[in-house]
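Everything numeric here is computed off the predicted structure, so don't read it as measured data.
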Amino acid sequence: VSTQSTGKPFYTIQLLSYLIDNDLDSARFLWKRIPIEIKKSDQELGAVWSIGQRLWLQDYAGVYAAFKSWSWAPLHATLIEILEETFRQRTFNVIAQAYSVISTKYLALLLGLSVDDATKFALSKGFQEVSSGFLQTKPIDKPKFESAPLQNMQSLTDYIVYLES
C-alpha cells in the first residue's frame, strides 16, 4: 500500500497544523477519525498525538518533554519547531496576563527552559527582576491577528503535497 493511498503523512501534518493553531477540539476529533490501522502502524503520528494529549491536559512540562521524546522526520521537524515556539509564546502571553510576580523556577517549568534561559527570555520581553528568583511581569498588549503565519502554513502544506505527489 503506498503512502499516498493511506494518507499517513497527511494525518500527521493535519494534526500538527491543528496543534499549531491551538485548535485542540479539531485535533481530538481528527484523532478519533483516523483509522486504527494507521494509528498502530505510524508511531510518529502517535508521538504527535501524545503532544496533543499533554496540551489538552495543560501538562506544560509534559508538552516540552514530548517535543524532545521523538526523532522527528525532516518533514515534521519544522512543524514541531513551529509548534514549540508558538506554544512557548502563547504560554508566555498567558503568564504575562495572569501573574504580577512569578518565580523564575515556575516560569522555567511553564516555558520548558532552564531557569537562566527563562529569566533571559522574560527580561528581554520586559519583565523586571524584583528579588532573587522572582520576576515582575509586564502585561502584553493582545496581539492583533496576523494572517502571515497561516499563509506560511498554506504554502508549506502546498510544498509538502507537491513533494509527496
Side-chain angles (χ1 to χ4, degrees), residues 1-99 102-122 125 143 146 149-165:
V1 178
S2 75
T3 302
Q4 288 177 332
S5 66
T6 62
K8 277 187 190 179
F10 302 108
Y11 283 125
T12 305
I13 291 168
Q14 187 175 6
L15 189 58
L16 280 167
S17 298
Y18 284 142
L19 296 178
I20 290 168
D21 198 34
N22 202 28
D23 189 354
L24 299 181
D25 289 326
S26 294
R28 195 170 58 113
F29 289 124
L30 172 64
W31 180 255
K32 288 182 177 187
R33 288 191 313 269
I34 297 172
I36 293 172
E37 303 81 40
I38 292 177
K39 290 178 187 177
K40 288 181 179 178
S41 66
D42 190 350
Q43 293 179 344
E44 193 167 42
L45 178 63
V48 170
W49 179 238
S50 72
I51 294 170
Q53 289 173 312
R54 286 169 176 80
L55 287 169
W56 185 267
L57 296 172
Q58 298 179 353
D59 174 12
Y60 296 95
V63 169
Y64 292 108
F67 288 142
K68 310 252 184 288
S69 70
W70 190 263
S71 178
W72 303 102
L75 184 66
H76 303 128
T78 303
L79 293 174
I80 291 293
E81 289 173 18
I82 292 169
L83 175 58
E84 184 173 2
E85 279 308 307
T86 305
F87 177 68
R88 182 170 287 124
Q89 190 58 51
R90 275 195 306 255
T91 303
F92 184 80
N93 291 345
V94 169
I95 291 166
Q97 295 298 322
Y99 291 87
I102 188 168
S103 77
T104 54
K105 288 181 184 177
Y106 190 56
L107 179 68
L109 174 77
L110 294 176
L111 296 179
L113 299 170
S114 69
V115 173
D116 289 339
D117 289 342
T119 302
K120 288 176 189 173
F121 181 77
K125 300 285 186 177
E146 295 180 24
L150 295 177
Q151 290 172 348
N152 290 342
M153 185 63 69
Q154 180 62 44
S155 60
L156 181 61
T157 303
D158 292 342
Y159 179 70
I160 292 168
V161 169
Y162 172 77
L163 289 176
E164 290 294 322
S165 58

Task: Residues in side-chain contact (heavy atoms from CB on, under 4.5 Å) contact with Glu85, at least two apart in sequence or another chain - done: Arg88
TODO: Kindly give the heavy-atom pair with the smallest separation between Ala118 and Leu107, and that separation in Å.
DONE: O-CD2, 3.7 Å
Task: With sequence neighbours excluded, residues passing side chain to side chain donor-acceptor pair (under 3.5 Å) with Asp23 - done: Ser26
Task: By side chain to side chain donor-acceptor pair (under 3.5 Å) - contacts of Ser69 (at least two apart) - done: none
Task: Pairwise distance CG(Leu75) to CD(Glu44) - rounded to 0.5 angstrom - done: 8.0 Å
TODO: Flag yes if more than 12 heavy atoms outside Ile36 fall under 6.0 Å of its CD1 atom; otherwise flag no.
DONE: no
TODO: Kindly indicate whether the side chain of Ile102, heavy atoms from C-beta on, has any atom under 4.5 Å from the side chain of Leu110.
DONE: yes
- [ ] Sequence neighbours left out, what passes side chain to side chain donor-acceptor pair (under 3.5 Å) with Tyr60? Give chain and number order.
- [x] none
Open item on the list: Between Gln89 and Asn93, do the side chains contain a donor N or O and an acceptor N or O under 3.5 Å apart?
Closed with: yes
Open item on the list: According to salt bridge (Lys or Arg N to Asp or Glu O under 4.0 Å), does anything in residues 46-71 pair up with another residue at least two apart or in another chain? List the pairs.
Closed with: Lys68-Glu84
Task: Separation between CG of Asn22 and CG of Leu55, rounded to the nearest 0.5 Å - done: 7.5 Å
Open item on the list: Tell me every residue that passes side-chain contact (heavy atoms from CB on, under 4.5 Å) with Leu109, counting only those two or more places apart in sequence or in another chain.
Closed with: Ala61, Tyr106
Task: Under the side-chain contact (heavy atoms from CB on, under 4.5 Å) test, residues paired with Lys120 that sit two or more places apart - done: none
- [ ] Any chance you could measure Phe67, atom CZ, to Leu83, atom CG, to the nearest 0.5 Å?
- [x] 4.0 Å
Task: Nearest-0.5 Å distance, CG of residue Leu15 to NE2 of residue His76 - done: 10.0 Å
- [ ] Hey, could you give me the CD1/CG distance between Ile80 and Leu16, rounded to the nearest 0.5 Å?
- [x] 4.5 Å
TODO: Sorted by first residue and then second, give each ring-ring contact (aromatic ring centres under 6.0 Å, His included) pair with at least one member in residues 13-38; sequence neighbours left out.
DONE: Trp31-Trp49
Open item on the list: Tell me every residue that passes side-chain contact (heavy atoms from CB on, under 4.5 Å) with Thr119, counting only those two or more places apart in sequence or in another chain.
Closed with: Thr104, Val115, Leu123, Leu135
Open item on the list: Could you check whether atom NZ of Lys39 has more than 12 heavy atoms from other residues, nucleotides or ligands sitting under 6.0 Å from it?
Closed with: yes
